[in-house]
Amino acid sequence: MGANHAHPPSSRRTVMAGLAVLVPLAIITLAGLLWLWPDGKVPTGTAQSSVQRVTGTITGVTLKKCPAASEGAPQPDPATCGNADVRVEGGQSVTLRLPSGPGAQHFAAGDDVILLRGADGKHQISDHDRSTPLWLFGAAFALAVIAFGRWRGVTALVGLAVTFVLLLTFVIPGILEGEPPLLVAIVGASAIMLLVLYLTHGFSLATSMAVLGTLASLALTGLLSYGALGFARLNGITDDSALALDMSLKIDTQGLLLASIIIGALGVLDDVTVTQAVTVAELAHANPSYGFARLYRAAGRIGRAHIASVINTIILAYAGASLPLLLLFSIGQQPLGDVLTTPVIAQEIVRSIVGTLGLIAAVPITTALAALTASRHHPEEDAQEPPARRDAQESFFTPHAHQHDPAQHPGERPARHRRRTST
């Protein structure tokens, strides 16, 4: 008997259901971007600084004997006492005092430096100029990504650039201009998610299921964060920076904390959701007989292993970022209970817990969505279609296609030969 060439109607229904969610989401996100886009006005309460940053190069350093420190004060570092001859950009040469005091950096002849020039034209050494090393690090990073990922690496770098552009031109200026931080973060995260995921991973059903899973998990993370911050009575003011923002710009610091949790969660969620969606697609390709339940169970086991390692990564990342603060608490010999209930530590605990809960929810949600679409797809139809045509048609609007590889199935004859023998 001949093979059945009819396309399963359920695949078309799945695509239309996905479009029914994704298209309104894209329209709402675009409308939110246009509505909240910053107009470039300087926020009220901020003053333009008259200090300019210029670059220069140290041509010589003359060390002197450090002045005697007062009783109880830390002794100055001998390498920070003296003057430096600096050639400022434009050719001017000046002699400046080396920065001294606790934490002062060491400077030597040949170092590129950043200078602060006041309204009176006087200069002051501020810091090392790290532009060249950072450009070299960035170039090495880009080359490594492209060498390993090839074209996919290029799209990943473009997606990274899109993320930075949206953060620097929309999210940060929008919050500074007084827009609600939570709303700005939601719109910005949605735009980043839609643009970066499709740009990096292509317009496919697997990517679309990852987008839907990320959206659902982000919504859950936002609700959990809102409830957790209110229950723990955290207002987002834990350091001098947050206090200065609250006093000078009247920014909603609790909304700012919620925004930071959502944007931070997005960075980990897209990793988990894309992995689960692609895993389900590959399992369905390797095991065409698998239905929804078997695909869900198999991919769920992979997801649990992934989550176990990611949770440890999140906790270690927070611990590493807060290590100086933890050392300070340790020196003070405060009881562990007192340390954990301080606002700065409690905020990080709440941030990590709600982010982890959203991450855990992303696995079953994305796996179920991907298994629902993959289990209704029949790979034998693709084996009867020319490879070039299948590659050209693989997009969001068609089920995920896979090329038949005889090397992977040595005991299986081509579909055309099977039909000839069956007739």
Side-chain angles (χ1 to χ4, degrees), residues 40 46 48-64 66 76-173 176 188 192 195-196 199-200 239-241 260 263-264 267 313 316-317 320-324:
T46 59
Q48 294 292 336
S49 174
S50 58
V51 177
Q52 295 180 342
R53 286 168 54 96
V54 296
T55 58
T57 303
I58 294 179
T59 57
V61 172
T62 305
L63 296 179
K64 298 180 179 179
C66 294
D77 188 347
T80 63
C81 300
N83 297 324
D85 298 323
V86 184
R87 186 177 64 251
V88 187
E89 60 180 14
Q92 180 185 2
S93 294
V94 293
T95 300
L96 305 173
R97 186 172 61 87
L98 289 171
S100 58
Q105 299 189 44
H106 295 181
F107 297 91
D111 288 353
D112 295 326
V113 293
I114 299 293
L115 305 174
L116 300 181
R117 181 166 57 197
D120 55 0
K122 293 183 179 180
H123 295 83
Q124 179 184 353
I125 298 176
S126 172
D127 198 358
H128 284 94
D129 183 6
R130 301 180 181 86
S131 302
T132 301
L134 289 178
W135 278 112
L136 291 176
F137 291 150
F141 167 74
L143 288 175
V145 170
I146 294 174
F148 181 77
R150 299 183 183 180
W151 177 247
R152 183 60 61 84
V154 174
T155 58
L157 291 176
V158 175
L160 183 62
V162 169
T163 299
F164 274 108
V165 167
L166 284 173
L167 287 176
L168 296 177
T169 62
F170 174 72
V171 176
I172 294 176
L176 288 177
I192 291 172
L195 291 173
V196 173
L199 181 63
T200 305
D239 53 20
D240 294 339
S241 301
S260 68
I263 293 176
T313 302
L316 288 177
S322 306
L323 191 56

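Just so it is clear, the structure is predicted and the values come from calculations on it, not from any experiment.
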Only one of Ile263, Leu176, Thr163 clears side chain to side chain contact (heavy atoms under 4.5 Å, CB included) with Val171; which?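 Looking at Ile263, Leu176, Thr163, the match for Val171 under the side chain to side chain contact (heavy atoms under 4.5 Å, CB included) is Ile263.
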
Val162: which of Thr200, Leu167, Leu199 passes side chain to side chain contact (heavy atoms under 4.5 Å, CB included):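 The residue from Thr200, Leu167, Leu199 that satisfies side chain to side chain contact (heavy atoms under 4.5 Å, CB included) with Val162 turns out to be Leu199.
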
Between [atom1] on residue [X] and [atom2] on residue [Y], distance to nearest 0.5 Å:
| X | Y | atom1 | atom2 | result |
| --- | --- | --- | --- | --- |
| Thr62 | Asp85 | OG1 | CG | 5.5 Å |
| Gln105 | Ser126 | CD | OG | 8.5 Å |
| Ile125 | Ile114 | CD1 | CD1 | 11.5 Å |
| Glu89 | Asp112 | CD | CG | 11.5 Å |
| Phe137 | Thr132 | CZ | OG1 | 11.0 Å |
| Leu98 | Lys64 | CG | NZ | 9.5 Å |

Mind checking what makes side-chain contact (heavy atoms from CB on, under 4.5 Å) contact with Thr80, not counting sequence neighbours?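 By the side-chain contact (heavy atoms from CB on, under 4.5 Å) rule, Thr80 matches Asp77, Ser100, Ala104, His106.
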
So which atom in [X] and which in [Y] form the shortest heavy-atom distance, rounded to 0.1 Å?
| X | Y | result |
| --- | --- | --- |
| Phe170 | Gly188 | CE2-N, 3.7 Å |
| Arg97 | Asn83 | CA-OD1, 3.5 Å |
| Leu63 | Ala79 | CD2-O, 3.7 Å |
| Pro133 | Arg130 | CD-O, 3.3 Å |
| Gln92 | Val94 | NE2-CG1, 3.6 Å |
| Cys66 | Pro78 | SG-CA, 3.6 Å |

[Y] and [X], any side-chain heavy atoms less than 4.5 Å apart:
| X | Y | answer |
| --- | --- | --- |
| Val61 | Asp111 | no |
| Val86 | Ile58 | yes |
| Val145 | Leu160 | no |
| Arg53 | Leu116 | yes |

If we ignore hydrogens and angles and just use 3.5 Å, is the side chain of Thr57 paired with the main-chain N or O of Arg87 as donor and acceptor?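 Pair absent, no side-chain N/O of Thr57 close to backbone of Arg87.
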
According to disulfide bond (SG atoms under 2.5 Å apart), does anything in residues 96-127 pair up with another residue at least two apart or in another chain? List the pairs.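 For residues 96-127, and leaving out neighbouring residues, there are no disulfide bond (SG atoms under 2.5 Å apart) pairs at all.
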
